[in-house]
Amino acid sequence: MKAQALDSKRKEAREYQTRSSGVFFKVKKVLYEKKSAFQKIEIIENDFYGRVLFLDGLVQTTEKDEFFYHEMLVHPALACHSRPEKVMIIGGGDGGALREVLKHPVKKAWLVEIDQEVIRACEKYFPWLDKALSDPRAELAIADGFEFIQRTTEKFDVIIVDSSDPVGPSAILHAKDFYQKLKKVLKPDGIIVAQAGSQLLHLEEHAQKAKFLKKMFRFARFYFGPVPTYPVGTWCYTFLSDRIDPLKIKKLRIPAGLNYYNAEIHQACFATPAFFEQAIK
Ligand code: AG3
């Protein structure tokens, strides 16, 4: 059976991040619980974090701290690109990434989510999704991201991969083959950003990934940011481009009113901790 977050009494919901540690939330209310064709979807209400979405027992989004993740997934790339007209998001059915993308002058943004039930649940419990999807620039495709990129005839300025962890069912979205296919639908001056996993827990996966990404892209950099409810607290992202070096941008285009990302964070987030540098060398 797939992992679930709620305990048998439905009083607590938790994610085991390792076999012997994790994060837990006291449940004020269970708002949604369903097994879709793809995964177990749970949404609970917690006093501090507000609504919390779990997929197969893994924390995806909390109302209180989602801005750390979504701003850092989206803005470093969008702020660097001079004309980000066509943007594709793979995964991200909760809509947080789409909401952030639409803060930029994009012409069209595709949200490619495999699980219709995630969209349904999030439309109800995370109202920013509904709002983002009603933007005329947004287009929802319920599809497997891997298949979508193989049949699309579009070329994208920015591609954002908002998948789950680099282990288990999502491992395929972190593999070489996937990145090769992504590159085929990216414009020559385009940028791919992807969530890469936990800084500490997925070190082995980062090392593997660094090997092929450095060969595949002229600029392949990891960057980092906090996400309090994700495993071990510091999260990793990759920035990939053949033309754009994120550390050499003269003028970043940063939307007003963000909560975490700004020009100083942009410079700082590419600094690599010693243990991480050692692992990906
Ligand atoms: N996508 C990344 C979630 C990874 C969290 N991992 C974990 N809790 N073990 C989240 C979707 C948000 N748009």
Side-chain angles (χ1 to χ4, degrees), residues 2-5 13-19 21-25 36 38-44 46 49-75 77 87-102 109-115 117-119 121-123 125-130 132-133 138 140 145 159-174 193-203 205-206 209 223-238 260:
K2 288 179 170 174
Q4 66 171 50
R14 71 274 185 265
E15 172 181 347
Y16 275 98
Q17 300 174 342
T18 71
R19 278 174 192 276
S21 64
V23 63
F24 83 95
F25 303 83
S36 74
F38 300 96
Q39 56 210 334
K40 172 107 192 168
I41 306 168
E42 293 155 295
I43 302 177
I44 61 121
N46 171 266
Y49 282 104
R51 294 177 173 177
V52 184
L53 166 72
F54 297 85
L55 296 179
D56 282 344
L58 304 184
V59 178
Q60 304 294 314
T61 307
T62 87
E63 278 183 303
K64 182 97 173 179
D65 77 349
E66 57 83 22
F67 69 91
F68 288 101
Y69 175 82
H70 289 124
E71 290 191 10
M72 286 304 281
L73 180 64
V74 168
H75 300 301
V87 178
M88 168 172 60
I89 302 160
I90 295 182
D94 60 62
L98 179 63
R99 180 197 65 213
E100 294 304 315
V101 165
L102 294 169
W110 286 259
L111 180 65
V112 184
E113 164 62 47
I114 196 168
D115 195 342
E117 294 302 333
V118 169
I119 300 283
C122 292
E123 270 181 329
Y125 294 106
F126 299 102
W128 65 68
L129 172 60
D130 211 24
L133 286 176
L140 173 65
I159 298 175
I160 296 167
V161 186
D162 187 7
S163 64
S164 202
D165 295 11
V167 289
S170 277
I172 170 177
L173 300 180
H174 294 265
V193 278
Q195 83 90 350
S198 162
Q199 196 179 56
L200 195 57
L201 284 190
H202 302 125
L203 210 48
E205 287 76 17
H206 302 316
K209 196 183 266 177
Y223 65 97
F224 309 94
V227 186
T229 56
Y230 281 2
V232 202
T234 305
W235 213 245
C236 303
Y237 310 82
T238 46
Y260 183 75

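Start at 1 and go down the list; that is how both ligands and their atoms are numbered.
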>> Is it the case that the side chain of R14 and the backbone of A5 share a donor-acceptor pair, with hydrogens and angles ignored and the cut-off at 3.5 Å?
In response: yes
>> Checking side-chain contact (heavy atoms from CB on, under 4.5 Å) between H70 and each of V101, D65, D94, which is the one that passes?
In response: D94
> Sub-3.5 Å donor-acceptor pair from the side chain of D162 to the main-chain atoms of I90, do we have one?
Replying inline: no
>> Quick check on P231 - does any of its heavy atoms sit under 4.0 Å from an atom of ligand 1?
In response: yes
> Taking non-hydrogen atoms only, is S163 closer than 4.0 angstrom to ligand 1 via side chain, backbone, both or neither?
Replying inline: backbone
> Closest approach of L129 and C122, non-hydrogen atoms and distance?
Replying inline: CD2-CB, 3.7 Å
> When you measure from atom 6 (N) of ligand 1 to each heavy atom in L58, D165, L201, V118, which option holds the nearest one?
Replying inline: D165
> Does any N or O atom in W235 lie less than 3.5 angstrom from one in ligand 1, N or O only?
Replying inline: no
> Hey, are the side chains of I41 and L55 touching, using non-hydrogen atoms and a 4.5 Å cut-off?
Replying inline: yes
> Going by distance only, is there an N or O of D162 that falls short of 3.5 Å from an N or O of ligand 1?
Replying inline: yes
>> For atom 12 (C) of ligand 1, what's the nearest protein heavy-atom neighbour? Residue, atom name and distance, please.
In response: D94 OD2, 2.8 Å
> Of the backbone atoms (N, CA, C, O) and the side-chain heavy atoms from C-beta on, which set of E15 has a member under 4.0 Å from an atom of ligand 1: side chain, backbone, both, or neither?
Replying inline: side chain
>> Using modelled atom types and a 3.5 Å cut-off, is there a donor and acceptor pairing between side-chain atoms of Y223 and backbone atoms of M72?
In response: yes
> For ligand 1, which atoms, with element, lie under 4.0 Å from some heavy atom of T61?
Replying inline: 12 (C)
> What is the ring orientation for F126 with W128, classed by angle as parallel under 30°, tilted 30 to 60°, or perpendicular over 60°?
Replying inline: tilted
> If you measure from each non-hydrogen atom of H70 to ligand 1, which part falls under 4.0 Å: side chain, backbone, both or neither?
Replying inline: side chain
> Heavy atom under 4.0 Å from ligand 1: found in F126's side chain, backbone, both, or neither?
Replying inline: neither
